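Note that this is a predicted model, so its numbers are computed, not measured. Values below: all heavy atoms of this structure, side chains included; hydrogens, waters and symmetry mates excluded. In what follows, chains are A, B, ... by sequence order, proteins preceding strands, each numbered from 1.
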Amino acid sequence: MSTTSPPTPTADLPPQFDFASMEREIYERWERAGAFSAAVTDSSRSGGDREPFTIVMPPPNVTAILHMGHGLDNTLQDVLIRWRRMAGDDALWVPGTDHAGIATQNVVEKLIAKEGLTRYDVGRDAFVRRTVRFVEETGGAILNQLRALGASCDWSRTAYTLSPELSRAVREAFVRLYEKGLVYRGHRVIHWCPRCLTSLSDEEAEFHDTNGKLYHISYPLSGDPERAIVVATTRPETMLGDVAVAVHPDDDRYRDLIGRTVVLPIANVEIPIIPDSYTDPTFGSGAVKITPAHDANDFEVGQRHDLPMPVVITATGTMGEESPRETNERGETIERVPESLRGLDRFEAREKIVDMLKASGRLVKVEPHQHAVRRCYRCDTVVEPRLSDQWFVKMKPLAEPALAAVRDGRIRIVPERWEGVYVHWLDTIRDWNISRQLWWGHRIPVWYCDGCGRETVSRDDVLTCPSCSGPVRQDEDVLDTWFSSWLWPFSTLGWPKDTPDLRAFYPTDVLVSGPDILFFWVARMIMSGFEFMGEAPYHTVYLHGIARDTKHRKMSKSLGNGIDPLDVIARFGADPLRYTVVAGMGLGVDIIFDPDDLEKSFAPGRNFVTKLWNIGRFLLTNVGTSPVQAVSEIDRERLSRADQWILARLDAAIAECDAALGPARPVNRHWTLGERTMGMRLNDYAEAARRFVWNELADWYLEAIKARLADAGDDREVARAVLAHAFDGALRLLHPIVPFVTEALWQRLPGRADDELLISARWPTASGGQGRGADEFELVRSAVDALRQLRGEYNITPGKQLSAIVVPAPNARSVLTTEAALIGRLTRCTVSVAEAAPRGETAAHQVLADGSEVIVPLAGTIDVAKECARLQQELAALEKQLGGLRQRLANENFVSRAKPEIVDAERQKEREWSARREQLAAKVKTLCGN
RNA sequence: GGGCGAAUAGCUCAGUUGGUUAGAGCGCCUGCCUUACACGCAGGAAGUCGGGGGUUCGAGUCCCUCUUCGCCCACCA
């Protein structure tokens, strides 16, 4: 056991981790070894002996390129997956992409626009073929970019929302909901994007506060032009579609006018004054113009009063009437939009109409008015409320189980405050418009027979009418992209087929996402999970913050303040990016980067990875690669205090990391109140691991054992074994965060077989039983700290060897005596141990917590009065604190009401401080003479 | 308009049921190229925990209030 291997030269190990050449190679080794793939047969749900742990990746848009949001989101998922994989779970991370209806169609439309074409020039079939080709050529690039990040997805299960398999799932879902009466076609006002030429869901029409104007317009009473009723609107152009003026039934000002008619200016049609409690008598004039075809509320008023609903703004946002056309009692078509306005853009028309009203004296006044305007979430165009036929999903019944699951703790949302937002949304949920007037997406599986009028909803393509065998035509519209992604947790596993994957991995475990798609996606997945699988899709929703710049602006392409993760990886490597993100990611807190200073932004990660690498370099040089003894087999007596200390610190670090990561799943299907707030604190986990390897292993243990490693012999073997063990533990703890550098180092550790991979290694567990030495080493550390402080205080450069005297407190005698040499090495002092402080010497002093004292004789360089003053000051501060402490301990309320362990801790502290006070006071007395 | 969250060192943030002398990273100051690491080592400065009030033996932590930011939701035209 005393044989020593010759130190391995570090010539082949550069001072920095060579990420550029290593990362790709390591990633390929993982893939070759099949380290990413989960086995159905391992899952405890399929007879295996491992708990499944599944994450489905939020599918990026198929045409997207990697940005910081993806980098952040996927790093967090990878950390969780690697952690559970090492912890022994059958870990599955399902990757995939979303066909992203509007987004992708917009991209391709822009492409063909460069050729001077629109999608209508190309035609539907050709356009779809073109888009398929575009996706085949460029799509999925983002998944390859994720490899550079180190993402350990199971690529063999890569899914795509528009694949034949997932398309089957979409049809199945649509047909089932239709059969239950939860999918229906409705004729109502929806949000319409005049640029994308499609309807949008409520969520896709985002509110933006806008400084607009409120126009007050007077509508003269029919046959009584002297009298008029004034209405207010922010959108004068819609007045052409007015079919009534509503007043509150109890509003005395207008009671006599109810039932009479006014003449709509410009359009010149007569419209009635109607009573409706929708009107708020305190707002404006208390009279509201009703435009049922271009306002969702007015639509409801129109329905209540059975009013006509003329459309006066076309699909492209220009003025003009559309069918169904309104007719008068003689059956003639009513023309509301005058020739001069027809074809005009709605905003130009607004100006023109205002001018016309002004000219005719009908414009009463214009006020500035702040209000919220809805805009298309894809192209930012102001959305036009528009009457049309659309398909809807009835959401109330779907929302109920989704609400119950969060309320009763089957699902937790982290951080918890989002649960309120989730609950509120589901409580007030409205039906979901799922049809889109696009070409790119899942065609709605409904076929119409013009012959007999039959409507057929089918899982399979319908070629002829089942009733009359006549020709059928399929609904022209496609489904909202989110109608396919809401099925993602089970459609990716094979649903509607009852596949082995589905049985082994559904329900999944954690869903990681930004809060921006909580409604779009996360909540809808929960609803669909219950509806189609009868079970929640996951038990934890982890909502992280988003990446912002130093001005706290969201990183975005349009602002040009984004950071390309691939740039960061190219400059610093994937590990520094990952470490910086994880360490800087408070629970649900946004993370700030400076896009103009990547160096600074990612310094924490880069510095850390280099530090880790150099610890490894030291170890490989001084420990070598020949096998070491297992720490558990080493006699306890042979472990030094430092050895015991670092082993205890490792146990503590493991416990901290485990606590920060938390339970992987609720113990009993429901999250208990206690469990709910545990875990998922990835930054705490990163910090615990960092502190262990840097501030404990490198700063103290490594320095403490350098001498032992230098001298061949039994003790060297012990030190080698403990160092290798402690570093091995550190690498395992850190692997989920910085997988590449840890893998590279781990494989070089002593005694490692060629085919062993850290990615598949076991997560560490505490070894326990370290004994007293660990605590005793703390005393050594405090002596070292004290001497270092004296050096700093008196400006004694490290190059200068010092002699120092240690005067131990009674209990510390044996420890400080045997460790004197070590203390000397760590402080570059020649340390001698004395019974009592030598008299008559000019010296600098420090008193340790236990009353031990360290002294540096500095004859001639010390100002006695100054040193005396310093000590007196220190004594005064200590006495003040001690006084407060004793007062507290004397307080009966404190002793009786505070927790016993707190009182005990205070008593212990009181003993220590007293000892220190004694010592300090004695010192002051000898030095200052009073 | 309603709801939620935040305010702690120069900057970005931790601080779990109230309980040591409030912490980290980056930045800053001083001294060191000590044969693993200057992307480093050692030491140091820096916070009346946004203002005010309250509960308590004890408050960064709980309650009230004010101020300033941010987010989500919403049919006042």
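- Here A/Ala698 lies in heavy-atom contact (under 4.0 Å) with a base.
- Checking B/A24 for Watson-Crick or G-U wobble geometry (two distances, each under 3.5 Å) identifies B/U12 as its partner.
- Under 4.0 Å is where a charged nitrogen must lie from a carboxylate oxygen, and between A/Arg188 and A/Glu300 no such pair does.
- With a cut-off of 3.5 Å on both pairing distances, the Watson-Crick or G-U wobble partner of B/C32 is B/G40.
- Proximity note for A/Ala898 (side chain, C-beta onward) versus B/G19, B/A74, B/A36: the nearest is B/G19.
- OP1 or OP2 of B/C57 lies within a sub-4.0 Å distance of a side-chain N or O belonging to A/Arg897.
- Side-chain contact of A/Asn614 with A/Arg617: a donor-acceptor pair under 3.5 Å is present, judged by distance alone.
- Counting to the nearest Å, the C1' atom of B/G31 and the CD1 atom of A/Ile796 are 12 Å from each other.
- Using Watson-Crick or G-U wobble geometry with both donor-acceptor distances under 3.5 Å, B/C62 finds its partner in B/G54.
- Backbone-only contact: A/Val421 has heavy atoms under 4.0 Å from sugar-phosphate atoms and none from a base.
- Side-chain polar atoms of A/Arg690 and A/Asn695 form a donor-acceptor pair below 3.5 angstrom.
- Comparing B/U16, B/G19, B/C71 by their nearest atom to the side chain of A/Arg888 picks out B/G19.
- Rounded to the nearest Å, the gap between the C1' atom of B/C39 and that of B/G50 is 36 Å.
- Aromatic pair A/Tyr377/A/Phe520: ring centres closer than 6.0 Å.
- A tilted orientation is assigned to the rings of A/Trp613 and A/Phe17, their planes being inclined by 30° to 60°.
- Residue A/Lys611 places a side-chain atom within donor-acceptor reach of the base of B/C37, judged by atom type and a 3.5 Å distance cut-off alone.
- Between the P atoms of B/A59 and B/G52, the separation comes to 15 Å (whole Å).
- For A/Arg617, a side-chain nitrogen or oxygen approaches OP1 or OP2 of B/C37 to under 4.0 Å.
- Applying the Watson-Crick and G-U wobble criteria (two distances, each under 3.5 Å), B/G1 pairs with B/C73.
- With values rounded to the nearest 0.5 angstrom, A/Thr238 atom OG1 is found 8.0 Å from A/Glu384 atom CD.
- A 3.5 Å limit on both hydrogen-bonding distances identifies B/U68 as the Watson-Crick or G-U partner of B/A6.
- The CZ atom of A/Arg548 lies 11.0 Å from the CZ atom of A/Arg553; values are rounded to the nearest 0.5 Å.
- In this structure, the CD1 atom of A/Ile705 is 12 Å from the P atom of B/A36, given to the nearest Å.
- The same atom, C1', is picked in B/U34 and in B/G15; the two are 36 Å apart, to the nearest Å.
- Checking the phosphate oxygens (OP1, OP2) of B/G44, a side-chain nitrogen or oxygen of A/Gln789 falls inside 4.0 Å.
- The side chain of A/Tyr278 lies closest to B/A77, out of B/A24, B/A77, B/U20.
- As rounded to whole Å, 20 Å separates atom P of B/G3 from atom CG of A/Leu518.
- Contacts of A/Asp699 with the nucleic acid, taken as non-hydrogen atoms under 4.0 Å apart, involve only primed sugar atoms and P, OP1 or OP2.
- Taking atom P on both B/G10 and B/U55, the two are 32 Å apart, rounded to the nearest angstrom.
- Listed pair A/His552 / B/C71 fails the phosphate criterion, with no side-chain N or O lying under 4.0 Å from OP1 or OP2.
- Between A/Asn622 atom CG and B/U35 atom C1' there is a gap of 10 Å when expressed in whole angstrom units.
- Residue-level contact check: A/Leu619 touches neither bases nor backbone, having no heavy atom under 4.0 Å from any strand.
- In this structure, B/A45 makes no Watson-Crick or G-U wobble pair, since no nucleotide meets both defining distances under 3.5 angstrom.
- Taking side-chain N and O atoms only, A/Asn607 has a distance below 4.0 Å to OP1 or OP2 of B/C26.
- Nucleotide B/C71 holds its C1' atom 6 Å from the CH2 atom of A/Trp418, rounded to whole Å.
- Residue contacts shown for A/Phe593 are absent, as no nucleic acid heavy atom lies under 4.0 Å away.
- At a threshold of 4.0 angstrom between heavy atoms, the contacts of A/Arg374 are confined to the sugar-phosphate backbone, with no base atom among them.
- Heavy atoms of A/Lys600 sit under 4.0 angstrom from primed sugar atoms or phosphate atoms, though from no base atom.
- Of the N and O atoms on the side chains of A/Ser914 and A/Arg886, at least one donor lies less than 3.5 Å from an acceptor on the other residue.
- Comparing B/C57, B/A42, B/C13 by their closest approach to the side chain of A/Asn893 singles out B/C57.
- Look at A/Arg691 and A/Glu656 and you find a salt bridge, because one of the NZ, NE, NH1 or NH2 atoms lies within 4.0 Å of a carboxylate O, short of that distance.
- Heavy atoms of A/Glu300 sit nowhere under 4.0 angstrom from any nucleic acid atom.
- The side chain of A/Thr233 lies closest to B/A77 when the candidates are B/G43, B/U21, B/A77.
- Contact annotation for A/Lys554: no contact, since no heavy-atom pair falls under 4.0 Å across all strands.
- One can place NE2 of A/His216 at 12 Å from C1' of B/C76, the figure rounded to the nearest angstrom.
- Atom name P, nucleotides B/A6 and B/G47: the rounded distance is 25 Å, in whole Å.
- With hydrogens and angles left out, the side chain of A/Glu703 and the base of B/A36 share a donor-acceptor pair within 3.5 Å.
- Going from atom CG of A/Leu214 over to atom P of B/C76 covers 13 Å, rounded to whole Å.
- Here, B/A42 and B/U35 have their P atoms 15 Å apart, quoted to the whole Å.
- A/Ala232 comes within 4.0 angstrom of a nucleotide base, judged by non-hydrogen atoms across all strands.
- Considering only the side chain of A/Phe283, B/C76 comes nearest among B/G43, B/C76, B/A36.
- We find that CZ of A/Arg430 is positioned 11 Å from P of B/C73, with the value rounded to whole Å.
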